[in-house]
Amino acid sequence: MDGDTLYSIGELARRTGLTVKTIRFYSDRGIVAPTDRSPAGYRLYSIDAVARLDLVRTLRELGLDLPTIRKVVDRELSLPEVAAAHAEALAVQIRVLRLRRAVLMAVAERGATPEETELMHRLAQLSEDERRRLIGDFLDAVFGGLDAAPAFAGVMRSMTPELPDNSEAEQVQAWVELAELSLDPGFRAVMRQMAEDQAAEQTRSDMVGPRRDIAAVVRDQVGPALAAGIDPASPQADPIIAAFTAHCAHVLGRPDDVELRRRLATRLESVSDPRRERYLQLLAVVNGWPAPESLAPVFDWSVQALRVRTQQ
C-alpha cells in the first residue's frame with residue numbers, strides 16, 4: 001500500500017471493521033486525527049490511522065478509558081506501565097466480584113436471612129489483617145492462658161486459615177462459614193473445654209517426649225475394628241477397648257477402671273462434636289489442603305463400646 005495514499009472514513013471503516021460513527025467519534029476526541037480534508041471538506045486519513053485504530057480498539061476491549069488511550073497513542077504514557085496498572089486494577093475488581101459471587105451463592109444455598117446475608121457479606125469483605133485478628137481472637141479464646149500453651153503453638157498454627165488473594169468462590173464460601181463458626185460462643189466453649197482437658201492430661205502425663213493425641217490413638221486402635229465390622233458391644237471388642245483404655249491410663253497416670261472409662265467416653269463425646277469436624281473441613285478448603293479424614297465413625301464406635309462396659 002502506498003504510504004502517501006489518504007483514506008476516507010468509509011474506507012477506514014472497511015479496513016478496520018469499525019463503524020463510521022465510531023471512527024468519527026474517535027476523530028472528534030482527537031484520538032485519531034485526520035491527515036487532511038477533501039475539497040468537499042471530508043476527513044482523510046493516512047495508513048497510520050489503521051494501526052492507530054486497531055490499537056484503540058484493542059485497548060477499549062481491554063477496558064481502558066478514552067483519556068488514557070489518547071495519552072497512550074500519543075506516547076504521553078508508556079503502554080507497558082498503563083497495562084500493568086490496569087491489570088492490577090482488574091485483579092482487584094475480579095477479587096471483589098469473586099467475593100460477591102461467593103456470598104450470593106452461599107445465600108442461595110443456605111436460604112439465608114437478611115441478617116445472615118449482611119454478616120456473610122461483612123465477613124467476606126474483611127482485609128487480611130482483619131481476618132487474622134478475628135481468628136486470633138478465636139484461638140486465644142480456645143487456648144489462651146493454659147499451662148500447656150507452648151504445646152498448643154503448633155495446633156494453633158494448624159487451625160489458622162490463610163485465604164489466598166486469588167481465592168476461588170468455594171474458598172471464600174468456606175472462609176465465611178468458618179468465620180461464622182469461630183464467632184459462635186457455643187463452639188468456642190466446646191473447643192475451650194477440649195483444650196483444657198488436653199492441657200490437664202499433658203500436665204498429668206508421666207510420659208517422656210511428645211504424647212499422641214487421643215483422636216490419633218482412637219483412629220489407629222479402633223479404626224481396624226470398625227473396618228472389620230466388629231460390634232462395639234460384642235466380646236470381640238473387649239481386647240480393643242482394653243488396649244485403648246490401658247494406653248490412656250498409662251498416659252494419665254490413673255488406674256484403668258470404670259471411672260476412667262466413663263471419663264474417656266465423655267471426652268470422646270466432646271471431641272466428636274460435629275462443629276469441630278466442620279471447622280477442619282472448612283479449614284482444608286480455605287487453605288487448599290486435602291480433605292481431612294472423618295473420625296466421627298471411630299468416635300461413635302468408641303463411645304458406644306465404653307458406655308456398654310461402664311453400665312451398672
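Quick caveat, the model's predicted, so the values are computed rather than measured. Sequence positions, counted from 1, serve as the residue numbers for this chain.
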Side chain to side chain contact (heavy atoms under 4.5 Å, CB included) between Ser8 and Arg43: does it pass, once the steps are laid out?
-> CA-CA 6 Å; Ser8 68; Arg43 293 178 248 200; over 6 Å; no
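- With rounding to the nearest 0.5 Å, the separation of CZ in Arg267 from CE in Met194 is 8.0 Å.
- Around atom CD of Glu118, no more than 12 heavy atoms belonging to other residues, nucleotides or ligands sit under 6.0 Å away.
- The main-chain N or O of Leu306 is found under 3.5 Å from a side-chain atom of Thr310 such that the two form a donor-acceptor pair.
- Comment: Arg261 engages Asp256 in a salt bridge, judged by a side-chain N to carboxylate O separation of less than 4.0 angstrom.
- In this structure, Arg133 does not pair ionically with Glu128, as no charged nitrogen and carboxylate oxygen lie closer than 4.0 Å.
- Within the 3.5 Å criterion, the main-chain N or O of Thr58 finds no donor-acceptor partner in the side chain of Glu61.
- Across Val298 and Leu295, no two heavy atoms sit closer than the pair CG2-O, 3.0 Å.
- Of all heavy-atom pairs spanning Val20 and Gly10, the tightest one is CG2-CA, 4.2 Å.
- The shortest side-chain heavy-atom distance between Leu181 and Arg275 falls under the 4.5 Å cut-off.
- Linking Ile, Leu, Val, Met, Phe, Trp and Tyr residues whenever their side-chain heavy atoms come within less than 4.5 Å leaves Val176 and Leu97 in two separate clusters.
- The hydrophobic clustering, which links ILVMFWY residues whose side-chain heavy atoms are closer than 4.5 Å, places Leu178 and Leu134 together.
- Of the possible polar contacts, none joining the His247 side chain to the Gln221 backbone as a donor-acceptor pair under 3.5 Å is found.
- Around the NE2 atom of His86, the shell of radius 6.0 Å holds more than 12 heavy atoms that belong to other residues, nucleotides or ligands.
- Looking at Trp175, its side chain does come within 3.5 Å of a backbone N or O of Leu123 through a donor-acceptor pair.
- Closest non-hydrogen pair, Thr117 versus Ala112, comes out as OG1-CB, 3.7 Å.
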Might you work through the side chain to side chain contact (heavy atoms under 4.5 Å, CB included) test for Glu130 and Gln125, ending with a clear yes or no?
-> CA-CA 9 Å; Glu130 290 171 328; Gln125 296 291 333; over 6 Å; no
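- Side-chain atoms of Tyr279 and Pro161, non-hydrogen and from C-beta on, do get closer than 4.5 Å to each other.
- Considering CZ of Arg110 and CD of Glu177, their distance stands at 5.5 Å, rounded to 0.5 Å.
- By the criterion of side-chain heavy atoms lying less than 4.5 angstrom apart, applied directly or through intervening Ile, Leu, Val, Met, Phe, Trp or Tyr residues, Val286 is grouped together with Trp289 in one hydrophobic cluster.
- Put simply, Ile241 and Val308 are part of two different groups of oily side chains (I, L, V, M, F, W, Y) that touch within less than 4.5 Å, one to the next.
- For the pair Tyr42 (side chain) and Ile9 (backbone), a donor-acceptor distance under 3.5 Å is absent.
- Shown here for Ala284 and Pro292, the closest heavy-atom pair between the two residues is CB-CD, 3.7 Å.
- In this structure, the side chains of Arg276 and Val190 stay at 4.5 Å or more apart for every pair of heavy atoms.
- A salt bridge links Arg70 to Asp74: one of the charged nitrogens lies within less than 4.0 Å of a carboxylate oxygen.
- By the 4.5 Å heavy-atom criterion applied to side chains, Leu66 and Phe25 are counted as neighbours.
- To the nearest 0.5 Å, atoms NE2 (His121) and CG (Leu104) are separated by 9.5 Å.
- More than 12 non-hydrogen atoms from other residues, nucleotides or ligands lie less than 6.0 angstrom from CD of Glu76.
- Inter-residue side-chain proximity for Ser182 and Ile135 is flagged as met; some heavy-atom pair is nearer than 4.5 Å.
- Ionic pairing of Glu196 and Arg192 is present here: one or more N-O contacts between side-chain nitrogen and carboxylate oxygen are shorter than 4.0 angstrom.
- In this structure, Glu11 and Arg15 have side chains that are not in contact, with every pair of non-hydrogen atoms separated by 4.5 Å or more.
- Atom OG1 in Thr245 sits 14.5 Å away from atom CZ in Arg263 (nearest 0.5 Å).
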Go through the steps to decide whether Val303 and Leu264 satisfy the test side chain to side chain contact (heavy atoms under 4.5 Å, CB included), and finish with yes or no.
-> CA-CA 8 Å; Val303 170; Leu264 289 175; over 6 Å; no
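- Taking CZ from Arg219 and CZ from Phe299, the interatomic distance works out to 9.5 Å, rounded to the nearest 0.5 Å.
- Looking at heavy atoms from C-beta onward, Leu44 lies out of side-chain contact with Pro34 at the 4.5 angstrom threshold.
- A donor-acceptor contact under 3.5 angstrom links the side chains of Gln193 and Asp197, judged on distance only.
- The existence of a salt bridge linking Glu170 and Arg98 is excluded, since no basic side-chain nitrogen approaches an acidic carboxylate oxygen closer than 4.0 Å.
- Judged purely by atom type and a 3.5 angstrom limit, Asn287 uses its side chain to pair as donor or acceptor with the backbone of Thr160.
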Show your working on side chain to side chain contact (heavy atoms under 4.5 Å, CB included) between Gln173 and Met120 and close with a plain yes or no.
-> CA-CA 9 Å; Gln173 285 181 268; Met120 286 189 285; over 6 Å; no
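- Note that CG of Leu79 and CG of Leu55 are 6.5 Å apart. Values are rounded to the nearest 0.5 Å.
- Ion pair Glu162/Arg132 flagged as a salt bridge, since at least one NZ, NE, NH1 or NH2 atom sits closer than 4.0 Å to an Asp/Glu carboxylate oxygen.
- Looking at Arg52, its side chain does come within 3.5 Å of a backbone N or O of Ile31 through a donor-acceptor pair.
- Without hydrogens or angle criteria, Gln171 side chain to Glu168 main chain gives a donor-acceptor distance under 3.5 Å.
- Summarising the geometry of Tyr45 relative to Ser27, their closest heavy-atom pair is OH-OG, 2.8 Å, with the distance given to 0.1 Å.
- Between Leu183 and Phe138 there is no side-chain heavy-atom pair separated by less than 4.5 Å.
- Comment: Arg278 does not engage Asp273 in a salt bridge, judged by the lack of any side-chain N to carboxylate O separation of less than 4.0 angstrom.
- A salt bridge is defined here as a Lys NZ or Arg NE, NH1 or NH2 lying under 4.0 Å from an Asp or Glu carboxylate O, and Asp65 with Arg60 fails to meet this definition.
- Surrounding CZ of Arg57 are more than 12 heavy atoms belonging to other residues, nucleotides or ligands, all under 6.0 Å away.
- One N or O on the side chain of Thr16 and one on the backbone of Leu12 form a donor-acceptor pair closer than 3.5 Å.
- The two residues Leu283 and Ser158 come nearest to each other via the heavy atoms CD2-O, 2.9 Å.
- Hydrophobic clustering of Ile, Leu, Val, Met, Phe, Trp and Tyr side chains at less than 4.5 Å, counting indirect connections, keeps Val285 apart from Val103.
- Under the 30°/60° scheme for interplanar angles, the aromatic rings of Phe152 and Phe143 are found to be tilted.
- Distance alone, capped at 3.5 Å, is enough to place a donor-acceptor pair between the Arg131 side chain and the Leu126 backbone.
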